[in-house]
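Computed from a predicted structure; not experimentally measured. The residues of the chain are indexed from 1 along the displayed sequence.
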Amino acid sequence: MARTSSRKWLAVLLLCALCGGSAAASGAPMFTEVAAAAGVRHKHEKPLFDQRLAKVMPWITSLNAGAAVGDFNGDGRPDLYVVNSRAGTPNALYRNNGDMTFTDVAAEQGVASVNTEDGVSVDPAFGDIDNDGDQDLFVAGYGHSRLFRNDGGRFTDITKAAGLGAWGNASCAVFVDYDGDGLLDILVGHYFDRGTNLWDIASTRVLPESFIKAHNGGGLVLYRNVGNNTFADVTARAGLAGKGWTLDVGCADIDNDGDPDIYAADDYGEDFVYRNNGDGTFTNVTRQSTGGDFDAGMNVDFGDYDNDGYMDVYVTNITNRYIRQGNMLWHNLGDGTFVNVAQEAGCADGGWAWGAKFFDFDNDGLLDIYNVNGYVTDGPVDLFAGSRLGEFFNRLSSLDISDVGAWPDMRGFSISAREKHRLFRNTGAGFREMAEAAGVADTGDGRGVALADFDGDGDLDIFVTNCGQPAVLYRNDVGASRHWLQVRLVGTRSNRDAVGARLSATAGDLRQTREVDGGNGFSAQSSRVVQFGLGDHERVDALEIRWPSGTRQTLKDVAADQRLTITEPAPPRGREERSP
């Protein structure tokens with residue numbers, strides 16, 4: 001059962017006051033920042049590239065700062081892998097000690113010394129690529145990405161043997177079983193062109209060719225897991241060829257047909273929606289589904305925020321005094337189309353937004369959104385302050401913006417710095433921003449949002465990476481005062497991590513749908529343990545699971561306030577077929 005303390009009940013009183021519209025100014029915070037006390041003293045280091053890029057170095061080195069949640073040692077506790085992005089700096093693997101403290105064991109586990117002139121870390125993700133029961137680790141990066149096989153707690157670099165040694169400029173990666181064969185594949189998004197060596201550029205024309213229609217980026221690469229810890233590049237065969245400036249990619253079953261589809265968020269160009277055809281290929285359905293979005297897409301996360309049984313999409317963009325794009329809350333209409341409802345729902349203004357995640361922080365059964373923001377903090381003057389923005393774009397409009405020489409010198413300036421991160425609480429009739437009242441309005445240059453119940457008390461805590469700055473860890477002090485259920489799935493016919501599984505929990509008139517994903521959300525992977533907030537419900541009437549294999553399973557009358565581990569059942573004898 002969840003621990004209930006006076007600290008938590010004070011937080012609940014504050015939450016109730018806020019939900020009723022009162023701007024309560026007293027009471028305990030809903031979240032407490034505990035990074036230093038927990039031993040997570042990680043300060044991200046930015047990369048350093050070819051000095052011919054010096055004028056734009058603040059921009060091109062301030063994109064990612066990644067983290068991943070995974071139970072690397074199989075003790076049932078969520079651990080944290082956090083990267084640096086400068087050659088010679090170590091990454092950290094924080095082992096969860098079980099008391100909301102962590103110990104960095106990266107060096108002894110073989111995953112500290114990853115960053116060299118051959119490649120630096122950007123976005124890590126855990127996944128069991130060989131279905132042997134432990135979490136392997138893929139580290140997407142500029143230069144060479146890396147794949148580490150987990151050999152019972154210590155990791156071995158198998159990148160070249162696995163067929164993943166190609167040069168690239170990866171900004172994101174997710175694990176996904178796109179073809180349903182029970183093996184986790186890897187979908188990687190690249191920002192800069194994959195052939196560009198940022199440490200030794202062949203030309204200064206390495207930047208986007210257009211502000212809204214650039215096609216000279218890195219695009220997507222899909223690596224199919226062919227078994228025996230090896231992968232094959234099937235990008236062209238799968239229909240994913242393209243050259244977008246991809247910042248994030250996410251996978252979920254958006255049309256409820258049983259297989260994972262793709263949303264790619266591209267900077268300087270159009271975001272793309274790809275429907276999985278169920279035969280190893282995808283179809284670009286962007287125009288039919290969203291009509292096209294040419295804003296600065298930075299984040300992709302999926303969640304059923306209105307509990308209608310369909311996965312909606314939250315995509316972050318830029319909103320500040322001068323650029324008014326707004327985040328996208330793509331409401332899934334259930335017929336293959338989406339409509340952006342962010343403005344009327346109250347979750348459009350995320351600042352210069354980066355990572356964002358759906359999660360039910362207060363366990364009331366409705367998915368809230370946490371959104372981090374802020375671009376570059378480097379000096380007292382904002383590059384876009386006063387008339388500078390107009391001068392900036394007027395000058396560039398007549399120049400080749402792909403050439404570094406066309407851009408102004410950005411050194412010593414800030415760009416949308418010190419913005420307050422946003423917490424959008426789902427009221428059931430829209431979202432209400434309440435980060436400051438909840439105690440999570442950090443002003444760092446936020447990038448990734450990684451969620452997990454780090455202290456095992458029944459609610460989701462928040463880990464935030466800040467680019468070039470210390471990370472932040474928020475302990476949730478309110479969620480466990482309501483009922484909850486956590487579910488960990490173990491696949492047998494399906495991939496062992498059950499990535500792609502869909503779960504539905506019904507408690508009275510509350511019905512929620514969740515999916516197990518392989519790393520959705522910009523620059524961070526969250527726990528794959530599925531969380532259901534149950535409010536006042538003490539039991540779940542029915543927990544339905546659709547496994548990636550097509551196997552369906554239903555549990556009845558499940559008690560709240562517990563964590564379940566459920567293993568995929570064998571199909572009935574004589575029924576080996578897969579169902580959608």
| query | Would the number of heavy atoms belonging to other residues, nucleotides or ligands and lying under 6.0 Å from CZ of R205 be above 12? | reply | no
| query | Is D517 paired with R528 through a side-chain N to carboxylate O contact shorter than 4.0 Å? | reply | no
| If you take all heavy atoms of D267 and A296, which pair is closest and at what distance? | OD1-CB, 3.4 Å
| Between D445 and T377, do the side chains contain an N or O donor and an N or O acceptor separated by less than 3.5 Å? | yes
| query | So, D261 versus Y274: side-chain donor-acceptor pair below 3.5 Å or not? | reply | no
| said: Please determine whether a side-chain nitrogen of the Lys or Arg among K357 and D301 lies less than 4.0 Å from a carboxylate oxygen of the Asp or Glu. | reply: yes
| field | Interatomic spacing from CG in L220 to NE2 in H190 - rounded to 0.5 Å | value | 8.5 Å
| task | Decide yes or no for W352 and M298: does some side-chain heavy atom of the first lie under 4.5 Å from some side-chain heavy atom of the second? | result | yes
| Taking it one step at a time, do D349 and R422 satisfy salt bridge (Lys or Arg N to Asp or Glu O under 4.0 Å)? | CA-CA 9 Å; D349 185 357; R422 294 352 186 225; 3.1 Å; yes
| message | Around atom NZ of K43, are there more than 12 heavy atoms from other residues, nucleotides or ligands closer than 6.0 Å? | response | yes
| said: Testing L460, V478, D459, L451 one by one against F361 for a side-chain contact (heavy atoms from CB on, under 4.5 Å), which residue passes? | reply: V478
| said: Less than 4.0 angstrom from a charged side-chain N to a carboxylate O is my criterion; do E209 and K243 meet it? | reply: no
| said: Check this for me, if you would: do K420 and D442 make a salt bridge, where the nitrogen-to-carboxylate-oxygen distance has to be below 4.0 angstrom? | reply: no
| field | Atom pair CG (D368) and CZ (R432), whose distance is rounded to the nearest 0.5 Å | value | 12.5 Å
| query | Nearest heavy-atom pair of G244 and D266: which atoms, and what distance? | reply | CA-OD2, 3.8 Å
| task | Taking all non-hydrogen atoms of both residues into account, name the closest pair between L329 and N340 and its distance. | result | N-OD1, 3.0 Å
| task | Describe, in one word, how the ring planes of W407 and F211 are oriented to each other, choosing from parallel (under 30°), tilted (30 to 60°) and perpendicular (over 60°). | result | perpendicular
| query | Do NZ/NE/NH1/NH2 and the carboxylate oxygens of D200 and R52 come within less than 4.0 Å? | reply | yes
| query | Is there a donor in the side chain of S414 and an acceptor in the side chain of D378, or the other way round, less than 3.5 Å apart? | reply | no
| request: Evaluate the side-chain contact (heavy atoms from CB on, under 4.5 Å) criterion for residues I462 and N476: first the C-alpha distance (whole Å), next the side-chain angles of each, then the deciding distance (0.1 Å), finally the verdict. | output: CA-CA 8 Å; I462 307 172; N476 189 331; over 6 Å; no
| query | Can you find a side-chain donor-acceptor pair between N466 and H44 that sits under 3.5 Å? | reply | no
| task | Count the heavy atoms belonging to other residues, nucleotides or ligands that lie under 6.0 Å from CD of E436, then report whether that count exceeds 12. | result | no
| Using a distance-only test with no angle check, is there a side-chain donor-acceptor pair under 3.5 angstrom linking N327 and N371? | yes
| task | Give the C-alpha distance, both sets of side-chain angles, the deciding distance and a yes or no for side-chain contact (heavy atoms from CB on, under 4.5 Å) between N64 and F522. | result | CA-CA 8 Å; N64 293 79; F522 180 76; 3.4 Å; yes
| query | Under a 4.5 Å cut-off applied to non-hydrogen side-chain atoms, are V69 and L80 in contact? | reply | yes
| message | Could you check whether W330 and Y314 have their ring centres less than 6.0 Å apart? | response | no
| Residue pair W245, F192: steps toward the ring-ring contact (aromatic ring centres under 6.0 Å, His included) verdict | CA-CA 6 Å; W245 288 75; F192 295 93; 5.4 Å; yes
| message | Could you go through Y375 and W59, starting from their C-alpha distance and side-chain angles, then the distance that decides it, and tell me whether this counts as ring-ring contact (aromatic ring centres under 6.0 Å, His included)? | response | CA-CA 8 Å; Y375 194 4; W59 160 31; 8.1 Å; no
| field | Shortest non-hydrogen separation from C251 to V174 and the atoms involved | value | SG-CG2, 3.9 Å
| Side chains of Y94 and D79, donor plus acceptor under 3.5 Å | no
| Ion pair D157/R146, N-O distance below 4.0 Å | yes
| So do T290 and D271 actually touch side chain to side chain, heavy atoms under 4.5 Å? | no
| request: Establish, yes or no, whether a centroid distance under 6.0 Å links the rings of F126 and F138. | output: no
| said: Is it the case that the side chains of N91 and N115 hold a donor-acceptor pair, with the cut-off being a distance below 3.5 Å and no angle test? | reply: yes
